[in-house]
Every structure is written in C-alpha cells, then in structure tokens.
Amino acid sequence: MKNSVSDRNLYAEDTDVDDDVVNEEEEEEDGVLEDGSKAGYDSDPSESSSCGSPRRSRPNSYTTSWPQSYRQSIDIYSSVTPPTIGFLGTPTLTRLSSSFLSTSFRGKHTPEIISSLIKPLLPTSAPATEQERHHRRSSHALLPPLIPSKHRTAKSSQELPSASRQCSYSQAVLNGMNVLCGVGILSTPYAIREGGWVGLFVLFVFAVLSCYTGILLRRCIDSEPGLETYPDVGQAAFGTVGRVFISIVLYVELYGCCVEYIILESDNLSSLFPHVHLDLGGFHLNAKLIFAIMTTLIVLPTTWLRDLSLLSYISVGGVIASIMVVACLFWVGVVDQVGFTHRGTLIDLKGFPIALGLYGYCFSGHAVFPNIYSSLKNPDHYSSVVFTTFAVCSVMFAGVAVMGYMMFGDSTESQFTLNMPHELVASNVAVWTTVVNPITKYPFYLEELIPSNRLKSHAYPIMIRSALVISTLFVALSVPFFGLVMSLIGSLLTMLVTLILPCACFLSILKGRVSWTEGSVCIFIIVVGVVASSVGTVSSVSRIIQSLEG
C-alpha cells in the first residue's frame, strides 16, 4: 500500500523498519520480545507507530499530535459501553446497503488516549528524558498489545482484546444515536416553518450524503497505519495545514454547540418561570438572563473534573432523553388532543436557506465516528452501524418535524418545547428533560494551551475551562437566537465537517485508487456542501444582524 504520509515527511525514512516489524511479529507469537519485555506493552508511544511495533525512526505519530484534548472531549460520547438493546438485533441491515456501504475493510485497533499523555499545542522535537519515557511506558502498559495492520490477518483482527473493542453492533448504534439526536431535533418543526414541506426532502438527502461520507471516513482511516481521529485524516490528506484547519473547525463547532446549550436552557427555563426577575445594584435582570447565568454556574464545576470521561456515564442517556421528548410531543398531540390541523406551504424561498442550516446541524456527528469505529468488536459492522444510525435518526427527525409543525403551524418556535402548553404533564416532562440533558454534554478541553512545564498542575486546566464556559455565556447573551445560531453553525461548520472535508480528504488520500463513480459522487457532495454552506451562512448572518438591530 502506498504510504502518502512519508511523502509529507511526517516520518523519517528507515529501510529496516518493515524487517523489524516482521521479526518482532514472529517473536510476539510467544508474547515476548528479544529484550524480554511483553509484546506491545513496553513501547514508547512517541517512538512507535499506532500499530504498536517500535519504530525509533518515526519519532512523531498521528496520535500524539495536536489536538489531544478534543479527542478526550468527544470520547465522552463513545467511551462508555451502553446496555445491549435486543430489538436492534444483529446487523442484517448490511444486506440492504449498496456496494459502497458494504465494502469490507480490515479493522484498526485503536487504543484509548490516556489523559496523562496530553501534549502541548505543537509537538516538540526535543528527545524525551528517561523519566518521561518510563512514565509513558508504565501508563502504556495498561493497553493490550498492538498488531501491525500491514501484517494483520482477518483472524487476528477478530482476536483483538475486548478492552479496546468492546461495543457490540447495537451498542455502537446507541452511541451513534447519542451523538446525532441532540438539540437539533428540537428545531426540525421550525425548519418546516422556515422552508416549507420541501425541506423534508432536503433532510433525507442530507441523511444519505452524510451516511456516505461517514463510510468515507473509515476508508480514509483504513488507508494508512496510524490514523485514528478526524484530525489524523486531515493530516494524511493535506499535511499539517489540514490537521490544524480541521482541528480548528471541530473546536469552533463544539464551542458553538456549547453556546446553543446556554441559549436552550435560558429559553426553556424562562418559559417555565417567566416572572422571575432580580434587581441588583441598579441593574434589572430578567428571567432569561438569570437562567443563563444560573446554567453557567451549574455547568462550570462539571468542567473542573480531572477526567471528564466520568460524564460519559450520564451523557449516554441522551438517547433516552430524545426518545422521551418525542414521545411527549406525540402524547400532547394525540392523547391531550392538541391536534394536527396546520397544513403550511410547499416551499418558502425566503426562509429556505435557514432551513438548510437547521437540517445540516441535525447530522453533526462525524468527529465521533472514528471513536465508534475503533470501539466495535467487529469492525466489519461499522457500515451497518452508520446506516442504521442515520436511518433511525432521520425517521425521528422527520417525525418530530411533521408532528410539531402540524400541531403549532406558523407559530412554531425555534424549539418546539416552547410551544407545548405548560399546564399539561407531558409538556412539563418534555421541557424538564430538555433542560437537564444538555448539562451533561458540555465537553470542552483546550489543554494544549497550557505551557509544557505546567501540565502537572490542575489549576491551569481549571482556568482555561472556566474561561471558555464563561465566554460561551457572553456569546449566548449577545446572540440569543437559538434557531438562527443553529442554522449558522449547521451551514458554516457542519457542512464542512460532514460533507465537504470527508470527500476532500478521501480524494486526496486515495488519489489514483478512486473509481470514476466514487470520484463523481464525492465532487457532487462537495458542490452540494459548498452551495448549501454559502447560501445558509449568508442568510443566517443576515437574519442575526436584522434581529439584533430590531
């Protein structure tokens, strides 16, 4: 396999590397290397490839490059193995997939990133001290031995230790649903109000395209050893510039989601308690402002944890919360007899660009898919996991959109929970579920900004995280328009992460090996993403400015 990484001078040349790998692999059959250490347990991460065999000629690897803290943030969504759900059954949906979904690739063994191995913003070229090497080795000893993908057989990929690949098919689907079924589902009825019923067709088109690009990410990851995360793919495709650009986009998207959470909490709590106010030192604080500040104060201590993966045990409940909110909406419409009487229009060209961004935001989850892939017991099920996840979530999005708009019509708010009658029990359950759920999904690290000589101090991470959380409060108070901000994020950032960048990286990494059909599909997706992003971003910014001026 042609290794384009070497073309970008990411690794130093060494003609003896492959021979060393073969020799070590033969010695690893007895579980011991020549030096007496256990295979794969005593290797220095900074001196080895992600395949686990020592390669001193390759001092830098993808997995130790910036950004490490983003990986730890998104690990919250996929590091916990949820209960097995029987009704999801076995991945028989693979048979329904077309050839580009069901293509078989050998799995990659991806160890979890240990929080103690956080790296500075830019990797240094200075050699590590003996003490640092010993610390990394002792930490890395917790990981199972790694098998070079170049020499991995189908049998060995199935024999990977369950410590790193522990999720079944149904559990991986739940992790995927937990990523996609976020606050975006609350605005799908508002998207129909803005763009009309044609928007549902756009929703399903985005679902199909996003599902395909999710498969492309796997093909990019499997194309070369050492690729584990989205930034890794960017580096393999476009060098350091690609890694930095994708990392920045992912960070800004995550930051925007945190801003949305503050607005969401403020809107819903103020709808429950509209008469709350406070006069303090000549300043009048209304309900929205009070609850925005209160939410920030509640969230702030959760970001001070040394290991934010502890929150993953709570955030995995996002799937249950989303299903509960949908059930409450259905209950209010049918049992409480609010009714489905509104018809709406086929298409509204004026608001259609806003709807594009809202629908795009619903499928923002590609940054986590590499983690889901690496956690699967059987990597060959990944295509079916992605297909099932997008199919189930798309049906949920469309169902909520139809029910919500037919119930509330042109009065539909940016969050349908704001329209639900508060005197009804189901409405209160939906609102409180919406309020509680985002508090557990505020994962934000930026430890790369910490000077390398201060990494041992927990005071610096607390300061950085606190500053980020407080800054999201000020941004949320400056642009308190939930639907418009969501449309902006969906248009400007999600289109990049979900549609444009996966195709661009795929074409770059596998150039010369891409069929004419695959290349044409990728170009088509890029064009769709660029057009939707441009139109949606301009329209969202314009509407935000008008709202601020009004």
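Worth knowing before you read on, the calculation uses all heavy atoms, side chains too, and leaves out hydrogens, waters and symmetry mates.
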*Only counting residues at least two apart or in another chain, list the ones meeting side chain to side chain contact (heavy atoms under 4.5 Å, CB included) with V198.*
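Applying side chain to side chain contact (heavy atoms under 4.5 Å, CB included) to V198 gives L346, I347, F352.
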
*asked:* Run the side chain to side chain contact (heavy atoms under 4.5 Å, CB included) test against S411 and tell me which residues pass, sequence neighbours left out.
replied: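 Here the qualifying residues are F408, N419.
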
Donor-acceptor under 3.5 Å ([X] side chain, [Y] main chain):
X	Y	value
S471	L468	yes
T494	F363	no
S322	C181	yes
R243	G234	no
S394	F390	yes
T472	V469	yes
S375	I372	yes
S539	V535	no

What pairs of residues pass the salt bridge (Lys or Arg N to Asp or Glu O under 4.0 Å) test when at least one of them lies in [range], not counting sequence neighbours?
range	result
residues 466-494	none
residues 420-430	none
residues 287-297	D267-K288

*Give the ring-plane orientation class for F291 versus F273, where under 30° counts as parallel, over 60° as perpendicular and anything between as tilted.*
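Tilted: the ring planes of F291 and F273 meet at 30° to 60°.
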
*Scan side-chain atoms only and decide if Q235 and T240 contain a donor-acceptor pair under the 3.5 Å cut-off.*
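Result is no, nothing qualifies.
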
*Verify the distance criterion only: is there a donor paired with an acceptor across the side chains of D348 and T345 at less than 3.5 Å?*
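No pair is found: no donor N or O on one side chain lies under 3.5 Å from an acceptor on the other.
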
Please set out all donor-acceptor pairs under 3.5 angstrom arising from side-chain atoms of residues 543-550, sequence neighbours excluded.
unit_1: R543; atom_1: NH1; unit_2: E194; atom_2: OE1; d: 3.3
unit_1: R543; atom_1: NH2; unit_2: E194; atom_2: OE2; d: 3.3
unit_1: S547; atom_1: OG; unit_2: R543; atom_2: O; d: 2.9

Considering only distance and modelled atom types, tabulate donor-acceptor pairs under 3.5 Å from the side chains of residues 484-492, sequence neighbours left out.
unit_1: S487; atom_1: OG; unit_2: I354; atom_2: O; d: 3.0
unit_1: S487; atom_1: OG; unit_2: S540; atom_2: OG; d: 2.9
unit_1: S491; atom_1: OG; unit_2: S487; atom_2: O; d: 2.8

*Steps toward side chain to side chain contact (heavy atoms under 4.5 Å, CB included) verdict (Y361, V183)*: CA-CA 9 Å; Y361 186 93; V183 297; 3.7 Å; yes

Partners passing side-chain hydrogen bond (donor to acceptor under 3.5 Å, both in side chains) against [X] (at least two apart in sequence or in another chain):
X	value
N268	Q415, T417
S466	W304
T213	H366

Side-chain donor-acceptor pairs under 3.5 Å in residues 395-406, sequence neighbours left out?
unit_1: Y405; atom_1: OH; unit_2: D410; atom_2: OD1; d: 2.8

*Do the ring centers of Y373 and Y382 come within less than 6.0 Å of each other?*
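They qualify: ring centres under 6.0 Å apart.
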
*Mind checking what makes ring pair (Phe, Tyr, Trp, His ring centres under 6.0 Å) contact with H284, not counting sequence neighbours?*
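Listed in chain order: H277.
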
*Determine, stepwise, if the pair S374 / E228 fulfils side chain to side chain contact (heavy atoms under 4.5 Å, CB included).*
CA-CA 8 Å; S374 65; E228 296 178 0; over 6 Å; no

